[in-house]
A.B. asks: 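Before we start, here is the structure in question, set down as structure tokens.
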Amino acid sequence: MYFITLCTYQKQCIFGEIDGGKMILNQVGKLVKNEWLKSVDIRQEIELDEWVIMPNHLHGIVIILPVDASLAPLQKTGVAIRKPKSLSSFVAGFKASVTKKIKRICGDEKPLVWQRNYYETVIRNEQQLNRIRQYIDHNPLRWQDDPQKPSIRSSGCLIDFLF
């Protein structure tokens, strides 16, 4: 089990806004939500646990199910070689799918949606899992009190798409 955080490019608030401690998804946020949920249908090697989409990031608990690694060759994507059915393969595919859909809608060849990498933590026990679930669940409630909360909005194609 992994706790992951995917951030938007330059921490832009492009997925919606927090109102009264609740996340209100805009069109881009709804697109991200749909792709996130569709991931378990596309990738049988994963399960999703608790997750939340915030204005400029996504937190989620992802479970990678065991697979026979000898049956799957390595995948080369750009400069990186990713092991299929791995966390990095899932994240790369998810981010690419969201970006591709936004690209199609906006007509922008290179929409800047995601920060380059992602954050991950291996969940080692039930106590840690429960703490992370609570953190995810309460994340929208803490948004207004976050002193580093960005207010950067998107520019270019995404701004037109959002409003």
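Please read all numbers here as calculations on a predicted model, not as lab measurements.
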A.B. asks: Test side-chain contact (heavy atoms from CB on, under 4.5 Å) on Val122 and Met1 and set out the steps.
C.D. replies: CA-CA 6 Å; Val122 175; Met1 296 183 89; over 6 Å; no
A.B. asks: Return the OH to CZ distance between Tyr135 and Phe3, rounded to the nearest 0.5 Å.
C.D. replies: 5.5 Å
A.B. asks: Considering only heavy atoms from C-beta outward, does the side chain of Glu50 approach that of Ile132 to under 4.5 Å?
C.D. replies: no
A.B. asks: Counting only N and O atoms by type, is there a donor-acceptor contact under 3.5 Å from the side chain of Asn26 to the main-chain atoms of Glu17?
C.D. replies: no
A.B. asks: So which atom in Pro55 and which in Gly16 form the shortest heavy-atom distance, rounded to 0.1 Å?
C.D. replies: CB-O, 3.5 Å
A.B. asks: Could you check if a side-chain atom of Trp114 sits within less than 4.5 angstrom of a side-chain atom of Cys7, using non-hydrogen atoms only?
C.D. replies: no
A.B. asks: Would you say the side chain of Phe15 lies within less than 4.5 Å of the side chain of Met23, judging by non-hydrogen atoms?
C.D. replies: yes
A.B. asks: I'd like to check Ile4 versus Phe90 (side-chain heavy atoms, cut-off strictly below 4.5 Å). Are they in contact?
C.D. replies: yes
A.B. asks: Mind checking whether Phe94 and Trp36 have parallel, tilted or perpendicular rings, split at 30° and 60°?
C.D. replies: perpendicular
A.B. asks: Give me the atom names and distance for the closest heavy-atom approach of Pro140 to Ile18.
C.D. replies: O-CG2, 3.6 Å
A.B. asks: Find the distance between CD (Glu35) and CD1 (Ile102) and round it off to the nearest 0.5 Å.
C.D. replies: 9.5 Å
A.B. asks: Ile64 versus Ser86: any side-chain heavy-atom pair under 4.5 Å?
C.D. replies: no
A.B. asks: Going by the rule salt bridge (charged side-chain N to carboxylate O under 4.0 Å, His left out), which residues pair with Arg133 if we only count those two or more places apart in sequence or in a different chain?
C.D. replies: Asp49
A.B. asks: Hey, any chance Met54 and Leu141 share a hydrophobic cluster, counting ILVMFWY side chains that come within less than 4.5 Å of each other, even indirectly?
C.D. replies: no
A.B. asks: Lys30: which residues meet the salt bridge (charged side-chain N to carboxylate O under 4.0 Å, His left out) condition with it, sequence neighbours left out?
C.D. replies: none
A.B. asks: Please tabulate, one pair per line, all N/O donor-acceptor pairs under 3.5 Å involving side-chain atoms of residues 56-63, not counting sequence neighbours.
C.D. replies:
residue	atom	partner	partner atom	Å
Asn56	ND2	Lys11	O	3.2
His57	NE2	His59	NE2	3.1
His57	NE2	Asn139	OD1	3.4
His59	ND1	Thr5	OG1	2.8

A.B. asks: Linking I/L/V/M/F/W/Y whenever their side-chain heavy atoms sit closer than 4.5 Å, directly or via other members, would Ile24 and Leu31 fall into one cluster?
C.D. replies: no
A.B. asks: Would a single hydrophobic cluster contain both Val98 and Leu37, if residues Ile, Leu, Val, Met, Phe, Trp and Tyr are joined by side-chain heavy-atom contacts under 4.5 Å?
C.D. replies: yes
A.B. asks: Nearest 0.5 angstrom please: Gln27 CD to Ile14 CD1, how far?
C.D. replies: 12.5 Å
A.B. asks: Quick check: does any side chain N or O of Thr99 sit under 3.5 Å from a backbone N or O of Lys95, one acting as donor and the other as acceptor?
C.D. replies: yes
A.B. asks: Measure across Trp143 and Cys13 and return the closest heavy-atom pair with its distance rounded to 0.1 Å.
C.D. replies: CZ2-SG, 4.2 Å
A.B. asks: Counting distance only, does the side-chain N/O of Lys33 pair as donor-acceptor with the main-chain N or O of Leu25 below 3.5 Å?
C.D. replies: no
A.B. asks: Would you say Val113 ends up clustered with Tyr119 if hydrophobic residues are merged whenever their side chains have heavy atoms under 4.5 Å apart, either directly or through other cluster members?
C.D. replies: no
A.B. asks: Please test Tyr2 against Glu120 for side-chain contact (heavy atoms from CB on, under 4.5 Å), starting from the C-alpha separation and ending with a verdict.
C.D. replies: CA-CA 6 Å; Tyr2 297 91; Glu120 70 177 72; 3.9 Å; yes
A.B. asks: Nearest 0.5 Å, please: how far is OG in Ser39 from CD1 in Ile46?
C.D. replies: 5.0 Å
A.B. asks: Just by modelled atom types, is the Asn130 backbone N or O under 3.5 Å from a matching donor or acceptor in the Gln134 side chain?
C.D. replies: no
